[in-house]
Amino acid sequence: MDTPQVTVLLLGDAECGKSTFLSRLSLGVQPHNNDLPPYALPTLRDTDQPFEFDISLYGRPYKLRFYDTKSPENYTLLRPQFVILCYDITSRASLESLTKTWLPIVNGHFNYDENLPVMVLGLKRDLRKQWTLQEVGEDKKGRGPSVMPHEGVQTAQRMLCDHYAECSALTGELCREVLQDVAKTCAKTTTADGAKSGGVLSECVVM
């Protein structure tokens, strides 16, 4: 039986952490030799795209092929089976760009499949700073520069996206859980009902 291949496209502002996230995935999520951060993540070259990862889900192999917006070919010409909209948790502007810039691109260039799954992924979770009392203000209507989880979830809901997640590629926090969510969705894209169908998949193993 041929191994199913799934094309995943990462979109988001420059410097929001997409490359570091892919570097983390190339390590199989866990740090090597139990090093504590900061440790060196591998450098991935844009010309090496797609970045391919072999996984096993419920004992069945899959190949995930990741592209990001620095793709050596025009990413708007790709036909991804899964789109991940990335933002920097420390940058409110990068979250706003998902609605203003990146979602219109998805709707304009990748509208060939109404069942195309879209995830919102918050990166640099380890750098999130709690809002100070001064930022919140006496009327409690203010906000700090960091995006809080409920804000990311609300944005994903307003955009009618299928999933929301966040992680820290540098420390590895929640990266395994994000990869599992990605793997489950990718596996569903290979079924007759598509990725928006029901069902539960688990036990993702990076090979």
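- For the pair Arg79 and Tyr112, the cation sits on the ring face: its NZ or CZ lies under 6.0 Å from the ring centre, inside 45° of the axis.
- Of the possible donor and acceptor atoms, none in the side chain of Thr101 sits under 3.5 Å from a partner among the backbone N and O of Leu98.
- Between Glu166 and Arg128 there is a salt bridge, with a side-chain nitrogen of the basic residue lying less than 4.0 Å from a carboxylate oxygen of the acidic one.
- Contact check on Lys124 versus Asp88 returns a salt bridge, with a Lys/Arg side-chain nitrogen under 4.0 Å from an Asp/Glu carboxylate oxygen.
- Using modelled atom types, one side-chain atom of Asp162 and one backbone atom of Val118 make a donor-acceptor pair closer than 3.5 Å.
- Annotation: ring-ring contact (aromatic ring centres under 6.0 Å, His included) contacts of Phe66 (sequence neighbours excluded): Phe53.
- Take Asp13 and apply the side-chain contact (heavy atoms from CB on, under 4.5 Å) test, not counting sequence neighbours, and it matches Ser94, Ser97, Trp102.
- Looking only at distances, no side-chain donor or acceptor of Lys63 sits under 3.5 Å from a matching main-chain atom of Thr3.
- Atom SG in Cys16 sits 11.0 Å away from atom CZ in Phe21 (nearest 0.5 Å).
- With hydrogens and angles ignored, the 3.5 Å screen pairs no side-chain donor or acceptor of Gln5 with any backbone N or O of Arg65.
- Panel note: side chain Arg92, backbone Ser146; a donor-acceptor pair is recorded below 3.5 Å.
- For Glu96, the salt bridge (Lys or Arg N to Asp or Glu O under 4.0 Å) criterion is met by no residue, not counting sequence neighbours.
- Counting only distance, with no hydrogens or angles, the side chain of Arg24 and the backbone of Leu170 share a donor-acceptor pair below 3.5 Å.
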